[in-house]
Amino acid sequence: MTSRVIASKVSTSIRANCAPWETSTSGDYCSPTLLTTRLSGSRLLTTRLPIKRLVMSVNTRSVARATIPGVEHHVAHVNGTTLHHVSAGSGGSPILLVHGFPESWWTFHRLIPLLARRHRVFAVDLRGFGDSAVADDDHDSATASDDLRQLIRHLDVGPMHVLGQDISGGAVYRLATEHPGLVRSLIAVEMGLAGFGLEGLGDVTRGGSWHIGTLAAPGIADLLFGGREREVLEQWAFPTMTTVPGAVDETDIAEFVRVFARDGGWRGAAGLYRSMLAEGEEFRDRASVPLTMPMLAVGTSGGAFTAQTLAQISGGPLSTIEFEAVGRHVALEAPDRLAAAIVDFLDGVDRSLDVDARHRVTDSEVVSEWRMRPDDCGASPVPERGQGSR
């Protein structure tokens with residue numbers, strides 16, 4: 001593709017060498033170079049100037065944001081960023097669903113209606129994922145954890161059951177250890193933690209996956225995956241991480257491609273994987289003070305890794321369940337079975353906890369979680385009541 005402008009003695013051309021999957025659809029250029037040619041006396045001078053790379057997959061340009069009946073979309077302005085999240089249900093105790101990789105809130109779109117029959121359900125796009133703001137290059141699990149803390153405060157529904165999946169485990173574990181008064185119970189779905197064996201998944205010499213080191217290396221994901229989102233997700237990620245045939249369909253692929261195809265769309269995942277490779281010692285130290293809230297470990301055909309991880313950080317009630325013939329994307333592959341397990345667990349937790357009695361002891365902690373320091377995000381010391389997500 002070449003565009004050339006010639007005016008008097010000056011000519012300018014924009015040249016782009018695009019791979020087939022990077023073909024422009026309306027004037028965007030892939031890896032372009034600006035060539036400016038001019039006459040200087042009797043000499044012809046050519047100047048080569050780089051232009052910022054702008055790639056848009058032809059598969060995603062016209063794809064609208066996916067949604068389902070019964071959910072409302074919101075944007076929360078918290079912690080110096082914007083977090084997109086959805087909500088459903090009007091009664092029961094609240095649960096926050098936190099996705100993994102390569103996902104967004106959409107990974108729960110079959111699970112949400114099932115849970116919403118009994119609970120208020122919220123599903124968030126982590127910073128750098130989905131329709132939340134793109135993450136900075138120095139993004140990490142500590143930032144993601146504080147995003148979740150401030151989102152829970154913003155939702156203003158009290159302590160929440162929190163479900164963490166896959167690589168979101170580090171952020172969810174930080175939230176639970178630093179702000180236990182906000183976490184009513186913890187559900188871990190195919191989730192590991194640094195310091196308890198998760199790092200081994202990045203060791204390709206021992207059967208680990210190449211994508212962890214690739215994502216953790218600064219800038220490499222954008223370089224290698226940019227413009228190739230469909231190939232990465234449709235041909236590698238979901239086929240290798242799912243077991244149930246047809247569980248991830250074209251609608252799912254199109255939605256995940258749409259959000260990862262954003263400029264910087266891989267940075268959220270990159271930050272979480274970099275953190276995973278560095279926070280093992282810190283998490284082992286944190287585990288010296290076990291968590292006491294009820295926990296549910298959900299494993300699949302991959303084995304008891306999730307249950308073994310939670311057993312090392314829990315000092316309270318721990319339930320476990322494993323689904324046979326299901327891959328890592330449990331909410332997409334077996335939503336009915338996962339919903340039944342979660343509802344049964346939450347019913348047990350809610351029955352066993354006399355909320356007033358339990359939190360009479362920790363009221364001061366919960367209040368302190370609800371009160372924001374005056375210098376925290378520029379907000380007032382006490383958030384206005386009645387202002388939910390919007």
Side-chain angles (χ1 to χ4, degrees), residues 60 63-79 81-89 94-116 119-135 139 144-145 147-152 154-155 157 160-169 171-172 175 187-191 229 233 237-238 241-242 247-249 251-262 265-269 271-272 298 328-335 338-339 342 388-390:
T60 61
V63 176
R65 179 176 70 185
T67 190
I68 57 173
V71 302
E72 295 182 1
H73 292 258
H74 314 270
V75 174
H77 300 278
V78 296
N79 204 24
T81 192
T82 56
L83 296 181
H84 170 256
H85 57 287
V86 300
S87 63
I95 180 170
L96 176 64
L97 309 178
V98 188
H99 62 82
F101 173 83
E103 300 172 336
S104 65
W105 81 270
W106 183 253
T107 199
F108 301 115
H109 76 277
R110 295 170 189 153
L111 179 67
I112 290 171
L114 303 175
L115 297 180
H119 295 274
R120 297 187 63 186
V121 184
F122 301 85
V124 63
D125 285 336
L126 290 168
R127 184 190 301 222
F129 292 82
D131 287 308
S132 289
V134 172
H139 183 58
S145 174
D147 288 348
L148 293 176
R149 176 184 72 87
Q150 295 197 30
L151 176 64
I152 292 174
H154 174 87
L155 295 175
V157 293
M160 303 183 74
H161 302 288
V162 177
L163 180 151
Q165 183 161 292
D166 187 59
I167 194 60
S168 68
V172 169
L175 174 70
I187 303 169
V189 180
E190 277 294 289
M191 189 192 91
E229 294 81 11
L233 299 176
F238 287 106
M241 298 182 193
T242 56
V248 180
D249 60 23
T251 299
D252 302 324
I253 292 293
E255 173 63 6
F256 292 129
V257 168
R258 180 185 72 83
V259 294
F260 280 103
R262 299 184 300 169
W266 299 96
R267 292 182 198 159
L272 297 186
V298 179
R328 293 186 60 82
H329 298 283
V330 188
L332 289 171
E333 298 183 67
L338 180 58
I342 292 173
S389 55
R390 51 186 183 273

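By convention here, the first residue in the shown sequence is residue 1. Remember, predicted model here, so these are calculated numbers, not experimental data.
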Hey, does the side chain of Arg262 reach the backbone of Gly130 with a donor-acceptor pair shorter than 3.5 angstrom?
yes
CG-CD1 distance between Leu126 and Ile167, expressed to the nearest 0.5 angstrom:
10.5 Å
Supply the atom-to-atom distance Asp252 CG to His329 NE2, rounded to the nearest 0.5 angstrom.
10.5 Å
Strictly distance-based, threshold 3.5 Å: is any side-chain N or O of Ser168 a donor or acceptor partner for the main-chain N or O of Gly100?
no
Is any side-chain heavy atom of Gln150 less than 4.5 Å from a side-chain heavy atom of Leu83?
no
Distance (rounded to the nearest 0.5 Å) between His84 NE2 and Ser132 OG
7.5 Å
Can you say whether the rings of Trp266 and Phe101 are parallel (under 30°), tilted (30 to 60°) or perpendicular (over 60°)?
tilted
Minimum heavy-atom distance between Phe238 and Pro102, given as atom pair plus value
CZ-O, 3.5 Å
Is Phe108 close to Val71 at the side-chain level, that is, under 4.5 Å between some pair of heavy atoms?
no
Within the 4.5 Å heavy-atom criterion, are Ile112 and Trp105 side-chain neighbours or not?
yes
Nearest-0.5 Å distance, CD of residue Glu229 to CD1 of residue Ile253
12.5 Å
Nearest atoms (heavy-atom pairs only) where Ala188 meets Met191
CB-CE, 3.7 Å
Looking only at heavy atoms, which two atoms of Ile342 and Ile187 are closest? And how far apart?
CG2-CD1, 3.9 Å
Note, Thr242 side chain near Leu332 side chain (heavy atom, < 4.5 Å)
no
When rounded to the nearest 0.5 Å, the distance separating CH2 of Trp106 from NE2 of His99 is 14.0 Å
Glu190 vs Val298 side-chain heavy atoms within contact, under 4.5 Å:
no
Heavy-atom closest pair (Pro335 atom, Leu114 atom, distance to 0.1 Å) is O-CD1, 3.6 Å
I'd like to know if the side chain of Asp249 reaches the main chain of Thr251, judged simply by a donor and an acceptor atom lying under 3.5 Å from each other, with no hydrogens or angles considered.
yes
Which pair of heavy atoms, one from Arg120 and one from Gly89, lies closest together, and at what distance?
CG-O, 4.2 Å
Report yes if some heavy atom in the side chain of Leu97 is under 4.5 Å from a heavy atom in the side chain of Leu115; otherwise report no.
yes
Is the ring pair His119/His161 parallel, tilted or perpendicular, if the boundaries are 30 and 60 degrees?
perpendicular
Just how far is it from atom CD1 of Ile95 to atom CE of Met160, taken to the nearest 0.5 Å?
8.0 Å
Quick one: are His109 and Glu255 in side-chain contact, heavy atoms under 4.5 Å?
no
Are Phe260 and Ser104 packed together at the side-chain level, in the sense that at least one heavy-atom pair is separated by less than 4.5 angstrom?
no
What's the shortest heavy-atom distance between Leu155 and His85, and which atoms?
CD2-NE2, 3.6 Å
